[in-house]
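Working notes, structure below.
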Amino acid sequence: MAFFQGSYWRKWDLHIHTPASFHWNGGKRFPDMTGAEKETSLKGIVQKINDSDIAAFCIVDYWTFDGYEELASYVASGRATLKKTVFPGMELRVEAPVNYRLNVQVLLSDKLTKQQRADFKSALRISGSGRGISEEALIEFARSLPPDKAAIHGFTGNYADDPLNLLQLGSQTVEISRESLISAKNEIPKGTCLIILPYDTSDGLEKLDWAAHPCADQYFMRSADIFETRSQSNIDLFLARKSPENEKFFDNFLKTMGGQPKPAVSGSDAHKIQDYGVFPGDKITWIKADPTFEGLRKTLIEPRERTYVGAYPKQLQILDSHPTKFIQSIKINKKAGSTFKEHWFDCEISFNPGLIAIIGNKGNGKSALGETVGLLGKTQNTEAFSFLSDKRFRQTKNNKSSHFEGTIEWASGVKETVSLDKNPDPKSYELVKYIPQNYLERLCNELDSTAETSFDEELRSVIFSHVKDEDRLGKTSLEDLIDYKTTQANKKVEIIKQELNEVTTRLVSLEKKASSDYRTKLEGALAAKQHELDTHDNNKPLEIPKPEASVEQKEKIESLTKKLSEKKEALEKADSLIADTKKELGTINLNISAAQRLISLIDNFERQADSFKADAKPDIETLDLKETDIFTIKLSKESVISKRSSLIKKKTDLEDLLNEEQKNSHVNNKKIIEDELKSIQGQLDAPHKNYEAYLSKMIAWNKTRKDIIGSKEAPESIEYYKFQISSLDNIPKEIEKTRGLATEKAKEIFREKATLAGVYRELYKPVQEFINSDPVAKKQLQLLFNVEIADTGFVDTFFTHVSQGVRGTYCGTEEGRKRLTKLVLDSDLASEDGVAQFIERLLQSLLIDERDGKSKTEVKDIVRKGQSAKSLYDFIYSFDYLKPKYTMGISGKDLHELSPGERGALLLVFYLLVDQDDVPLIIDQPEENLDNQTVYNLLVPCIKEVKKRRQIVVITHNPNLAVVCDAEQVICCSINKQDGHRLEYKSGSIENPTINKLIVDILEGTRPAFDNRGSKYLDKVITH
C-alpha cells in the first residue's frame, strides 16, 4: 500500500484477540473448530477488518501467534484480500512483585517471517521451570499448582481432569522471566519488537506498589516502548505534559520512565470479532503515521505530536470546520491541444493538511512547485517569482508557461484551474500566504528605516486578527479602529499645537531682539536720533525780541494781539479736540474689531458645536440618550451685532468730524480758525509780523524737539530707543521663559501621544496574552510585543529645515547627519523627561557650534532658503515625528538590536506563530541567511507548533526543517533534462522507506556521508 499524502491521522487498534486466544468470547476457539467453521471465522475477521475505519490492527492473543498465523495463511492462500495493516503480537505475563496478573503485550513487525516469530516465542521461558511457552508447558504448569492456589483463580473441583481448564489456568497464572523477554527480542532483528505495557487498563502496571518495589517499577517503566491507558491524566504524564494536577510528581515520574515522553494508546481489547475497533469510553487511538511498522516506530520519537487518545484529533476538527483553508491537491499539466514538445509538468499531488516539505537538489523543480502553488493560491508576491518569471519559464519570446495550467483543489471540493502565464488579479483575495526567497531579507532592510514599512502593515494586520470581534467596534482594520479610538486625543494635540504656534511666534520675536544685529540697529537708530536732536538744537530759530508798538499803533496792535491770542487759544482747543476725536476713533475702531472678532469666534464655535454634535450623535444614539441629557449650547450674536452697528454709526460720526469737507467738522472749524488767524496776522506791521513768525517757528521747533525726544511709547524717538535698548537686558530671561513654555506645550503634546500609545497597547494586549499562553512563544523564544513612541523620520525632516552648508553643529552632509543621528539614538524619545532633555540638547546644538564647542550660532542663520526659524521650532516642538509604533523583540532584545539573521528568524517566528491567519503558509527556503543552530532553536519549535492548526509548505535544503520538524509529507523533486525537462515529484512520509532514502541522499548527502559525520561527533563533550 502506498500513502502518497504522508503521515495522516488514522485510527489504530493495537489490542485485538482471535479465536486462538484462550480467553475468547466470540464462540469456539480455533482448536475446537472444524475446517469450515475456521474458514467462516477467518472470513469474518477479514471482512470486519476491511470494513472498519481502523487503519491498523495488532493481534495480541495470549501466549501465542497462532491467530495471526491462521490469518496470514488464509490471506496468503488467496482466499481473501486484506486491505488493512495487521501486526503480529502476543499478550503475556512477566514476573513482577504484584498480587495480580501484570500483562505485557509485544508487537512485532509485520515484515518478520513466520520462522522469526517462532524464534521469538521459543526464546521465552517460564519463570522457575525454564520451559518454553507451549500449550503443553502451560497445562503442565497448571497441573503443578496446589488446589488452594487454583481456587484463588476460580478453579475448583475436578478442573484438573479437563485439559482446557488446565490450559486456561496455566495461561492465567504462568509468568515468563524478564531475561527471557530480552533474549526473545535478541532473536529477531533489532528494532522489530515493541513492548506495550498496560497501565490503567486490565491488569496494568498502575497498581504496582512503586514505593515498595522501585526497582521493578523502574524496569517496567523504562522497558516499555508504549503504554496502554484510557486516563487523560496518565496520558498527560506519558506524553510529558506538565499540569497543575501532576506538577508535584511530574519530574520523578518522567525520570522513572527514562526522562523522555512515550506514546500512549488505547486498544479495544476485543475478545470477539464484532468488537474490533470498538474503543471503551470512546478512547480511540489515533496515530499520525503511515499504517506501517515504520510509522508506528516514529511515534517513539515524536509521541506528543503523533499520538492522540480521544474522539477526534484537533487538527482533523480544524480541517473539517475550515475545509476552504486546506489544499487537498495540486495538478499541473500541459494544456489540451498544446504542441509544445518539452514535457516539464504532468503531475497530481495530494497535499497533507500539516507540514509539507518540498526538497530536491538545486535546479530540480522545488521553487517551480512552490511558486505554482502560490500562483494558484492567488498570491500577490508574484514579482518575487524566480521560476515563473520573464527570465525563465515566462520569457517573452519563448513563454513556456503559456502551454501549462495548474488546478488547485481545496478540502471543500472547490477546484480552480489557472494558466501558468497569468498572474492573479491584484484585487483578488489571497487564498495562501506566500513568502518567497529574499522576502524576509528585504523586510529586514526596510526595518532600518524610520518610515512606514511593509512589515508595519503586516504587523497591524496580525494584531487586528487577535482583536476579538466584539472589541473591533464594527471596524474592518486596525487603522480604522485606532482612528476611531484616538480622534479626540488627536484633536487635542491640534489645539495644543495652535497654542504652541503663539509661543514659537513670540520666541522667534525674542530671539530676533536678542541678536547682536538687533542691538546694533537700535543703537544706530538711537545715535541717529541723538544726532538729529543735536542738529535740531543747533538750528533753533534766532530769537526775535518782541517789538514795541508806536503810540499811534499801540491800541491797534494790542487789539490785534488780543485777537491773535484768542485765535491761538481756539486753535489749540481745535487741535486738542481733533486729537481727542482721533483717539476716540481709534478706540471705536478697536471696539469694532473686537466685536467682529467676537462674532467670528461665535461663528467658529457654532461650527465646532455642530461638528461636536455630529461626532457625538452616533455615540449618544448607541447609548440611547438624548442631546439634552449631555449638553445644552446656547449662542447669540444679536447683542454683539447691535453693539457693532452702534459703534459703526459712532465711527461714521467721528470720521465726519475729521472730514475737512464736512461743514462744522472739527477739521473744518480748525481751518476756519487758521484762516482767521492768518487774516489777523496780515493786519500786523512788519516787526510784529516777524515776531509772530518767530513765535510760530518756536512752537514748531519745540514740538519737533519734543517728538525727537519722545517717550518709551513713541516709536522712533530717543526715549523709545533707550527703553528698547535697556529692555534687551531682560530678553535672555524672556527667551528662557518662553522656551520653557514651549517645552511645556511639547510635553503636553507628548502626554497625548502617550495616551495614544495606551490605546495601541490596549489593542495589542490580546497578542501578548496569546504569547503568554503559548509555551513556545513565551518560554522557548521569549517573544515580546511592545508599543513605544518612536521616531518616524526626524533626521530627514530636520534637514529639510536646516542647511548643512553654513557654519554650525550640523555643517557638512555626512558629518552633520552623523552628529544628529547620534543625538537621536542617544536620546530617550519614549518618556516625557527624555523628550524634554532631547529638545534641550538639540537647542543647545543649534545655538553653539559643537564642532569647536564655543562659537555661537543663531537659528535664523542656519535655516534653509524658504524656511524660517519659526517653521523649524514648530517642527521640533510639535513632535509630529514621534508616533506610537508596534515593536517586537526576542530573548530580551529589541528588533533593531538583532543581527540581520536574527531579524529574519524573528520575522519568520512572527509569520509562523503570532500570525492568526489560517490560510496555507508557503515559505521558500526560510533557512536562507540563518545558521543551523538558529533554525533548530527558533524555527523548529515554531513550525511544530503552527502545523497543528495550519497547513504549511516549506521549500528547503535544511534537514532540521524537513526531518526535525517531523514533516507530515515530503515531496522530493527531480528533473530529467534528457526527457524534455520532465519534472518528477515523489511524495510520502518520512517513515516511507523510499522517501526516507531520498531525504538522506538530498539533505544529508547520502547515508555514508551522514554516518561519517555522525561517527566523528562525541556523544558527550567532556571539559576540564
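Here the structure is a predicted model, which means the values were calculated and not measured.
No cation-pi contact links R819 to Y810, judged by a cut-off of 6.0 Å to the six-membered ring centre and 45° from its axis.
Remark: the backbone N or O of T813 is paired with a side-chain donor or acceptor of Q804 at under 3.5 angstrom. Between the side chain of K650 and the backbone N or O of I588 there is no donor-acceptor pair closer than 3.5 Å. Of the possible donor and acceptor atoms, one in the side chain of W701 sits under 3.5 Å from a partner among the backbone N and O of H536. Under the 3.5 Å distance criterion, the side-chain polar atoms of N381 are matched with a main-chain donor or acceptor of Y434. Judged by distance alone, the side chain of T743 and the main-chain N or O of R739 form a donor-acceptor pair under 3.5 Å.
Annotation for I749 and K497: closest pair CD1-CG, 3.7 Å, computed over non-hydrogen atoms. In terms of heavy atoms, S515 sits closest to K860 at CB-CE, 4.3 Å.
Crowding of R841 atom CZ: a count of heavy atoms from other residues, nucleotides or ligands under 6.0 Å exceeding 12. Within a 6.0 Å radius of CD in E655, more than 12 heavy atoms belonging to other residues, nucleotides or ligands are found. More than 12 heavy atoms of other residues, nucleotides or ligands sit less than 6.0 Å from atom CD of E479. For K870, the NZ atom sits in a packed shell: over 12 heavy atoms of surrounding residues, nucleotides or ligands are nearer than 6.0 Å. More than 12 heavy atoms of other residues, nucleotides or ligands lie within 6.0 Å of CD in Q596, so this atom counts as buried by the packing criterion. The 12-atom threshold is not exceeded at CD of E814, counting heavy atoms of other residues, nucleotides or ligands nearer than 6.0 Å. Residue-environment remark: CZ (F631) exceeds the threshold of 12 foreign heavy atoms within 6.0 Å. The 12-atom threshold is exceeded at NZ of K613, counting heavy atoms of other residues, nucleotides or ligands nearer than 6.0 Å.
Applying the salt bridge (Lys or Arg N to Asp or Glu O under 4.0 Å) test to R817 and every residue at least two apart in sequence or in another chain returns D796. For S711, the side chain to side chain contact (heavy atoms under 4.5 Å, CB included) criterion is met by E713, A714, not counting sequence neighbours. A search for side chain to side chain contact (heavy atoms under 4.5 Å, CB included) contacts involving D852 returns D849, K854, S855, not counting sequence neighbours.
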Problem set entry | CA sep, side-chain torsions, deciding dist, call: N501, R506, side chain to side chain donor-acceptor pair (under 3.5 Å) | CA-CA 9 Å; N501 178 64; R506 173 166 170 73; over 6 Å; no

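The aromatic rings of F875 and H801 sit parallel, their planes meeting at an angle under 30°, below the 60° perpendicular limit.
A salt bridge links K529 to E532: one of the charged nitrogens lies within less than 4.0 Å of a carboxylate oxygen. Ion pair D603/R607 not flagged as a salt bridge, since none of the NZ, NE, NH1 or NH2 atoms sits closer than 4.0 Å to an Asp/Glu carboxylate oxygen. Taking the charged nitrogens against the carboxylate oxygens, K712 and E719 have no contact shorter than 4.0 Å, which rules out a salt bridge. Between R705 and D537 there is a salt bridge, with a side-chain nitrogen of the basic residue lying less than 4.0 Å from a carboxylate oxygen of the acidic one. Ion pair D615/K491 flagged as a salt bridge, since at least one NZ, NE, NH1 or NH2 atom sits closer than 4.0 Å to an Asp/Glu carboxylate oxygen.
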